[in-house]
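These numbers come from a predicted model, not from an experiment.
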Amino acid sequence: MRQSPENESDKSGRHVAVVRFSALGDVAMTIPVLYAACAQNPEVRFTMITRRGLCGLFVNKPDNLTIKGVDLKTDYAGPRGMWRLAGETDADVLIDLHDVLRTKMLRGMLRLKGCRTIVFDKARSLKRRFLKNPAECPTIRPTWLRYADALAKAGLKTGQHFKGLYAQTPADNSLFSSLSAPKAEGETWVGFAPFAAHRGKIYPPEYSEALCRLICGEEGYRLFLFGGGPTETDTLRAWTRKAGGNAVCVAGSGIGMAGELALMANLDAMISMDSGNMHMAALTATPVLSIWGGTHPGTGFAPYPTCGTDSGTIMQRDLSCRPCSVFGNKPCSKGTYECMDIAPESICDALCSILKNKRLSANNSLLTEN
């Protein structure tokens, strides 16, 4: 853990700024740590600095947390933009949870103002070791825990466990009412997000379509398809039409990030790749079944354990060639993407196990209350 040498004090100060610009999943993983820190340090004023388009993630935020959204392509572009941001930041401490060129510039500028700076450990060398030989390298401390380490370095209390965005304030179901009628008694809602930023993390389209048919063929099931961008939206809409009345296309619906989070909170389970949707669903305490291809949860990117497990339910193939990438941005050396050759039927079996366990847990809770 690195910090500026100007001030070695362990005191957090009156105002703590936290910066993480991207990506969606990485910003989502700041929320459990940041919300818990706000609850345990009520005397401290927090500001989260992130991309403007990601501000919608921070629903039901604590009163002592302010979200500052910035546009890195216009008002806050380049060194001049970081200088402007530094001028607008009056924090006593800046905690950098990104550690890229932009945030390094921001740190340097704020140090000139007497602001203490702390940087989280990206575990770059450990990740490289893990890629070379995952069997002989221990799994890397989860990203959200390394975020917490950085906040603790600032003298903040971070031990409280985050139980979900809607643990205290229920989701506003009107945010997605244009998409679907309310959940009927005994109905099962399942989310499915088959896409990701890179091909090595995307479930094959033919398998995805088959999985849609399998889930929609179950009586009492409703399937919600998540994605983004014109190409994904067109594909998901086509699958929705083929699947019949039991499928709903969330992509392109216009309900926004807050609406998608509220919908995820109503799901019985979410099937996702190693993507932002996986992390969003985890924030809502919805059980997540994540499918991993070229990447690996051992690099620290497994979803936050709001449901009481270390990393949710994970499906991945044991192949000598994987993981081949930390972020999934490297093309398959074989050209086959064999790591994503996971049968839709096996995913359905895993989904059934998740739903069965959820029902058993709910029944046990009712017995305990009675």
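Considering CD1 of Ile49 and CG of Leu85, their distance stands at 5.0 Å, rounded to 0.5 Å. Atom CD1 of Ile291 and atom CE of Met273 lie 5.0 Å apart (nearest 0.5 Å). Annotation: the span from Arg199 atom CZ to Asn329 atom CG amounts to 14.5 Å, rounded to 0.5 Å. Atom CH2 in Trp144 sits 14.5 Å away from atom CD1 in Ile31 (nearest 0.5 Å). To the nearest 0.5 Å, atom CZ of residue Arg213 and atom OG of residue Ser208 are 11.0 Å apart. Distance CD/Glu232 to CG/Leu225: 11.5 Å, rounded to 0.5 Å.
Remark: the backbone N or O of Asp274 is paired with a side-chain donor or acceptor of Lys201 at under 3.5 angstrom. The main-chain N or O of Tyr166 is never found under 3.5 Å from a side-chain atom of Thr169 such that the two would form a donor-acceptor pair. Side-chain N or O atoms of Asn133 include none that pairs as donor or acceptor with a backbone N or O of Arg129 at under 3.5 Å. Checking side-chain atoms of His198 against main-chain N and O of Gly200 turns up no donor-acceptor pair under 3.5 Å. Under the 3.5 Å distance criterion, the side-chain polar atoms of Thr286 are matched with a main-chain donor or acceptor of Met264. A donor-acceptor pair under 3.5 Å is absent between the side-chain atoms of Glu260 and the main chain of Met257, judged by distance alone. A donor-acceptor contact shorter than 3.5 Å is absent between the side chain of Gln160 and the backbone of Gln40. At least one donor-acceptor pair closer than 3.5 Å links the side chain of Asn41 to the backbone N or O of Lys157.
The minimum heavy-atom distance between Leu214 and Cys348, with the atom names listed, is CB-SG, 3.7 Å. The nearest pair of heavy atoms linking Asp99 to Arg124 is O-NH2, 3.1 Å. For the pair Met278 and Ser290, the tightest heavy-atom approach, listed with the atom from each and the gap, is SD-CB, 3.5 Å. The two atoms that bring Leu289 and Met315 nearest to each other are CD1-CG, 3.6 Å, heavy atoms only. For the pair Arg322 and Gln316, the tightest heavy-atom approach, listed with the atom from each and the gap, is NH2-OE1, 2.9 Å. Between Val27 and Thr30, the closest heavy-atom pair is O-OG1, 2.6 Å.
Considering only heavy atoms from C-beta on, Arg116 stays 4.5 Å or farther from Leu94 through its side chain. Taking the side chain as every heavy atom from C-beta outward, Arg20 and Phe120 approach each other to under 4.5 Å. Ile255 places none of its side-chain heavy atoms less than 4.5 Å from the side chain of Leu175. Under the 4.5 Å side-chain criterion, counting only non-hydrogen atoms from C-beta, Thr235 is not in contact with Glu209. Using a 4.5 Å cut-off on side-chain heavy atoms (C-beta onward), Ile140 and Lys127 make contact. The shortest side-chain heavy-atom distance between Thr295 and Phe301 does not fall under the 4.5 Å cut-off. Side-chain contact check for Gln168 versus Lys163: every heavy-atom pair is 4.5 Å or farther apart. Residues Phe327 and Thr299 fail the side-chain proximity criterion, which asks for heavy atoms closer than 4.5 Å.
Classified by interplanar angle (parallel below 30°, tilted 30° to 60°, perpendicular above 60°), the ring pair Phe195/Trp239 is parallel. Between Phe192 and Tyr203, the ring-plane angle classifies as perpendicular under the 30° and 60° cut-offs.
When each of Val19, Val18, Thr117 is checked for a side chain to side chain contact (heavy atoms under 4.5 Å, CB included) with Asp96, only Val19 meets the rule. Each of Ile67, Asn64, Ile95 was checked for a side chain to side chain contact (heavy atoms under 4.5 Å, CB included) with Phe46, and the lone residue meeting it is Asn64. The side-chain hydrogen bond (donor to acceptor under 3.5 Å, both in side chains) test with His15 is passed by exactly one of Thr89, Thr47, Asp92: Thr47. With Asp268 as the fixed residue, the salt bridge (charged side-chain N to carboxylate O under 4.0 Å, His left out) test singles out one of Arg222, Lys356, Lys183: Lys183.
Of the N and O atoms on the side chains of Ser174 and Ser177, not one donor lies less than 3.5 Å from an acceptor on the other residue. With hydrogens and angles left out, the side-chain atoms of Thr143 and Arg146 include a donor and acceptor closer than 3.5 Å. Side-chain contact check for Thr74 and Asp71: at least one donor-acceptor pair (N or O, by modelled atom type) lies under 3.5 Å.
Under the 4.5 Å side-chain heavy-atom criterion for ILVMFWY residues, no single connected hydrophobic cluster contains both Tyr304 and Ile354. No continuous path of hydrophobic side-chain contacts links Ile314 to Ile202 [ILVMFWY only; heavy atoms under 4.5 Å]. Residue Leu261 is grouped with residue Val33 when hydrophobic side chains (ILVMFWY) are merged at heavy-atom distances under 4.5 angstrom, including chains of intermediate members. Ile118 and Met29 fall within the same hydrophobic cluster, where Ile, Leu, Val, Met, Phe, Trp and Tyr residues are linked whenever their side-chain heavy atoms come under 4.5 Å apart, directly or through other members. If you chain together hydrophobic residues whose side chains sit under 4.5 Å apart, Leu351 and Ile342 fall into the same group.
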Q: With salt bridge (charged side-chain N to carboxylate O under 4.0 Å, His left out) as the test, would you mind laying out the steps for Glu88 and Lys68 before giving the verdict?
A: CA-CA 10 Å; Glu88 295 171 354; Lys68 182 177 180 63; 3.0 Å; yes
Q.
As a quick check of understanding, evaluate side-chain contact (heavy atoms from CB on, under 4.5 Å) for Arg128 and Phe130, giving each step before the final call.
A. CA-CA 5 Å; Arg128 287 193 292 267; Phe130 192 89; over 6 Å; no
Q.
Checking Arg45 against Asp90 for the salt bridge (charged side-chain N to carboxylate O under 4.0 Å, His left out) test, could you report, in this order, the C-alpha distance in whole Å, the side-chain angles of both residues, the deciding distance, and whether it holds?
A. CA-CA 11 Å; Arg45 180 163 57 99; Asp90 63 347; 3.6 Å; yes
Q.
One pair to check against side-chain contact (heavy atoms from CB on, under 4.5 Å): Asp149 and Arg141. What are the steps and the verdict?
A. CA-CA 10 Å; Asp149 292 340; Arg141 189 168 170 81; 2.9 Å; yes
Q: Mind running side-chain contact (heavy atoms from CB on, under 4.5 Å) on Thr313 and Val288 for me, showing each step along the way?
A: CA-CA 6 Å; Thr313 301; Val288 178; over 6 Å; no
Q: With side-chain contact (heavy atoms from CB on, under 4.5 Å) as the test, would you mind laying out the steps for Leu223 and Trp189 before giving the verdict?
A: CA-CA 6 Å; Leu223 179 66; Trp189 283 15; over 6 Å; no
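Under a cut-off of 6.0 angstrom, the local environment of NZ in Lys113 is crowded, with over 12 non-hydrogen atoms contributed by other residues, nucleotides or ligands. For CG of Asp349, the number of neighbouring non-hydrogen atoms (other residues, nucleotides, ligands) closer than 6.0 Å is greater than 12. The environment of Glu219 atom CD is sparse: at most 12 non-hydrogen atoms of other residues, nucleotides or ligands sit within 6.0 angstrom. Heavy atoms from other residues, nucleotides or ligands lying under 6.0 Å from NZ of Lys122 number more than 12. The 12-atom threshold is exceeded at NZ of Lys61, counting heavy atoms of other residues, nucleotides or ligands nearer than 6.0 Å.
Separation of the Tyr35 and His161 ring centroids does not fall under the 6.0 Å cut-off.
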